[in-house]
Novice: 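Encoded as structure tokens, here's the structure I'll be asking about.
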Amino acid sequence: MGIRVGFALMSEEVAQLMVELGRQGVELFLSRHEAGAVGMADGFGRAAGSPAVAVIGRGPGLTNAMTALTTAARSHTPLLVLAGAPSADDPHQRDPKQLGQETLLAAAGIPHVTVTGAESAVSCLRAAHARATRGETVVLNLRMDTLAADIEGESDSEVGPPPPQVALPDRSAVSLVADLLSETWAASRPVILAGRGAFRAGARRELAELADRTGSLLGTTLMANSMFSGHPFDIGVVGTFSPPDAAELLRNADLVLAFGAALNPFTTYGGALFNKTRIAQFDSDPAAFGRFLEPDIAVLGDARQAAAALLEELATRGHQSNGYRSPAVAERIAAARTGQNFVDRSRPGAIDPRTLMRALDEVLPRERVLVVDPGHHLTFSCTYLTVPGPDHFVFPVDFGAVGSAASVALGVAIARRESTTVLAIGDGGLMMALADLQTAARYALRLVVVVSNDSGFGAEVHYLQALGLPDELARYKNPSFEQVGRALGFDAATVTTVEEVSQLRGRLDNIVGPVLLDCRVASEVRAEWIEFYYLGKR
């Protein structure tokens, strides 16, 4: 099947399977927790673009892994999970690990197949791997009695659903968008917004050409971070991570062409960013239209093909416009990209998280892959830590699970061994994921863990404060993460000032093993998304 890397946690029913995988040349990385094994495989799949295999045990092994599994499945990570399963012949549930695994997986919306007999095991495995290769997270339930059986013959069981067909763009809808672009009253200030779907479709060149023909500004969702990096009219990430000047340009846009972008509340600032703007949404998934915002024009089709079709239509009409572009706008974009748009609120013993991330951006290796954990800190990590391109940015937020990115970062570091992987995580998320940090040390991964340590669950602290409620229950006293890191086998340091960040430059060059930075940040600084996401303010 071509799988050469696997991630596993030992359990009695899969022990022999793990040994056999090693004999077949699969390089196995052993985790400390089932969520770690699946998360590492998820990270590997995201970074490598090809499926890895995760091996976990039955019952509690599966329940332990469910958060990581759901995160991977919602992101459409190519991933094959081989899960032990209770034997079919156990009507009295004598097995203490008995669990209706199919019911659990179905409730979470995770594709799964149960091998019901040895004769169908190989064909079921091939079918599951084929689905994983096409971009699904698939669980193959391997019953204990089946794992112990001998194969005497192989049946021709079904090989799974046919490959998904790429939707050809709707030409009539494309023509309607071209009509709008041809009218100066409707499209004098156009913006092209690219999302993860556009990046996965490989649409960068077509969208840049479309922007140049229509005079559009270029922006991305967070999932397509840095897709147009270097273009003079690239306004960067759109939404809650936009600097004020860029956000003002977006509010004044009269037409947004959104390619492969969900238009979720973080991208649109709860809808307020584009509330006076016409929207043409291009997506290969019909369920995307109207999920968050209702577009004025919906174009069903692959992002790259749709952009190419629109380019062709505009070229046929001889359309060429300066649109939103001018030297003054280019200067505003450049100033927004390089300027500091905040007042530093650092204090003795704690650094402003925005100041911290700007300083770290200068000293961390340039060839890096950034993995960001969900949490309050993500605003500062995503805004001020730059990446070379979307394939160097991983944000496993699809299930919103704090702590889930830690094991994902390990898988990324294994897939991208030529680069340094940077994990940005809060102190709450770190404490949830400590077990598999030791895994990073065992395998000497090139990993830098940046802990934004505000001694609490930051989002909940600010949420309670915004409601005028006491926040003590969301705060706690942490151990020294520098000491914890060293005990686990990391090089480690504590950071409270910009000067201490600058002193790390030599230590972070050409690292050969994992590094942990316990960054004590000022908890007074509140991310803007707290106001609109929790309180509905626009």
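Keep in mind it's a predicted model, so treat the numbers as computed, not measured.
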Novice: For the pair R368 and T421, evaluate side-chain hydrogen bond (donor to acceptor under 3.5 Å, both in side chains) and give the outcome as yes or no after the intermediate values.
Specialist: CA-CA 6 Å; R368 60 183 179 240; T421 297; over 6 Å; no

Novice: Could you give the side-chain donor-acceptor pairs of residues 224-233 under 3.5 Å, partners two or more places apart or in another chain?
Specialist:
unit_1: S226; atom_1: OG; unit_2: V387; atom_2: O; d: 3.2
unit_1: H231; atom_1: ND1; unit_2: F233; atom_2: N; d: 3.0
unit_1: H231; atom_1: NE2; unit_2: D212; atom_2: OD1; d: 3.2

Novice: Using modelled atom types and a 3.5 Å cut-off, is there a donor and acceptor pairing between side-chain atoms of S346 and backbone atoms of D352?
Specialist: yes

Novice: So, do V238 and T221 sit near enough that their side-chain heavy atoms are less than 4.5 Å apart?
Specialist: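 No, too far: nothing below the 4.5 Å cut-off.
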
Novice: Report yes if the side chains of I235 and T220 come closer than 4.5 Å at any heavy-atom pair, otherwise no.
Specialist: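 Contact flag for I235/T220 side chains = no.
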
Novice: So, D436 side chain and S407 main chain: donor-acceptor pair closer than 3.5 Å or not?
Specialist: no

Novice: Test your reading of the model: is there a side-chain donor-acceptor pair from R354 to the backbone of V343, 3.5 Å cut-off?
Specialist: yes

Novice: Flag the pair Y384 / F342 as yes when their ring centroid distance falls below 6.0 Å, and as no otherwise.
Specialist: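 That pair passes the under 6.0 Å test.
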
Novice: Does anything in residues 404-444 pair up under ring pair (Phe, Tyr, Trp, His ring centres under 6.0 Å), and if so which pairs, sequence neighbours excluded?
Specialist: F29-Y443

Novice: Would you mind reporting whether R204 and R304 have side-chain heavy atoms less than 4.5 Å apart?
Specialist: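 No, too far: nothing below the 4.5 Å cut-off.
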
Novice: Could you tell me whether the side chain of D471 and the main chain of L464 form a donor-acceptor pair under 3.5 Å?
Specialist: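 Not a single qualifying donor-acceptor pair exists.
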
Novice: Would you call V422 and V450 a side-chain contact if the rule is heavy atoms closer than 4.5 Å?
Specialist: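 Yes, side chains in contact.
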
Novice: Any donor-acceptor pair under 3.5 Å linking the side-chain atoms of T439 with those of R442?
Specialist: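 Note: R442 and T439 side chains meet the donor-acceptor criterion.
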
Novice: Strictly by ring pair (Phe, Tyr, Trp, His ring centres under 6.0 Å), give each pair with a member in residues 48-81 just once, sequence neighbours left out.
Specialist: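 Not a single pair qualifies under ring pair (Phe, Tyr, Trp, His ring centres under 6.0 Å).
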
Novice: Evaluate side-chain hydrogen bond (donor to acceptor under 3.5 Å, both in side chains) for T77 paired with D42, printing each intermediate quantity in order.
Specialist: CA-CA 6 Å; T77 298; D42 179 8; 2.8 Å; yes

Novice: Taking the basic N atoms (NZ, or NE/NH1/NH2) and the acidic carboxylate oxygens, is any pair closer than 4.0 Å for D398 and R196?
Specialist: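 Yes.
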
Novice: Listed by chain and number, what are the ring-ring contact (aromatic ring centres under 6.0 Å, His included) partners of H462, not counting sequence neighbours?
Specialist: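 For H462, the residues satisfying ring-ring contact (aromatic ring centres under 6.0 Å, His included) (neighbours in sequence not counted) are H376.
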
Novice: Answer yes or no: are there more than 12 heavy-atom neighbours, outside E524 itself, under 6.0 Å from its atom CD?
Specialist: yes

Novice: Let me see the working for F395 and L378 under side chain to side chain contact (heavy atoms under 4.5 Å, CB included), right down to the final yes or no.
Specialist: CA-CA 10 Å; F395 190 31; L378 70 86; 3.9 Å; yes

Novice: Would you say S31 and M40 make side-chain contact, with heavy atoms under 4.5 Å?
Specialist: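 SC-SC contact between S31 and M40 confirmed.
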
Novice: Looking at D391 and R200, does any basic side-chain N land under 4.0 Å from a carboxylate oxygen?
Specialist: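 R200 and D391: not salt-bridged.
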
Novice: Check ring-ring contact (aromatic ring centres under 6.0 Å, His included) between F399 and all other residues, then give those that pass, not counting sequence neighbours.
Specialist: none

Novice: Looking only at atom types and distance, does a side-chain atom of E500 sit under 3.5 Å from a main-chain N or O of T496, one as donor and one as acceptor?
Specialist: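 Confirmed, E500 side chain pairs with T496 backbone.
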
Novice: For a 4.5 angstrom cut-off between non-hydrogen side-chain atoms, does L62 reach I56?
Specialist: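 Yes, their side chains come closer than 4.5 Å.
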
Novice: Would you sort out whether Q101 and R58 count as a side-chain hydrogen bond (donor to acceptor under 3.5 Å, both in side chains), showing the intermediate values?
Specialist: CA-CA 8 Å; Q101 297 188 182; R58 70 192 189 282; over 6 Å; no

Novice: Do the side chains of R505 and D509 get close enough for a salt bridge, i.e. N-O under 4.0 angstrom?
Specialist: no

Novice: Check R520 with D518, please: is the shortest side-chain N to carboxylate O separation under 4.0 Å?
Specialist: yes

Novice: Is any side-chain N of the basic residue among R417 and E27 closer than 4.0 Å to the acidic one's carboxylate O?
Specialist: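 A salt bridge is present here (some side-chain N lies under 4.0 Å from a carboxylate O).
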
Novice: Answer yes if the side chains of D344 and T355 hold a donor-acceptor pair under 3.5 Å, and no otherwise.
Specialist: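 The answer is yes; a qualifying pair exists.
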
Novice: Should I511 and T420 be marked as a side chain to side chain contact (heavy atoms under 4.5 Å, CB included) after you check the CA-CA gap, both sets of side-chain angles, and the distance that decides it?
Specialist: CA-CA 8 Å; I511 64 171; T420 298; 4.0 Å; yes

Novice: Please step through side chain to side chain contact (heavy atoms under 4.5 Å, CB included) for the pair V448 and L517, ending with a clear verdict.
Specialist: CA-CA 8 Å; V448 178; L517 305 178; 4.2 Å; yes

Novice: Show the nearest heavy-atom pair for residues L504 and A493, with the distance to one decimal.
Specialist: CD2-CB, 4.1 Å

Novice: Less than 4.0 angstrom from a charged side-chain N to a carboxylate O is my criterion; do R486 and E482 meet it?
Specialist: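 Yes, R486 and E482 are salt-bridged.
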
Novice: Does a side chain donor of either R46 or S75 reach within less than 3.5 Å of an acceptor in the other side chain?
Specialist: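 The criterion, which ignores hydrogens and geometry beyond distance, is satisfied for S75 and R46.
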
Novice: Hey, does the side chain of R475 reach the backbone of G456 with a donor-acceptor pair shorter than 3.5 angstrom?
Specialist: no

Novice: Can you name the ring-ring contact (aromatic ring centres under 6.0 Å, His included) partners of F481, sequence neighbours left out?
Specialist: none

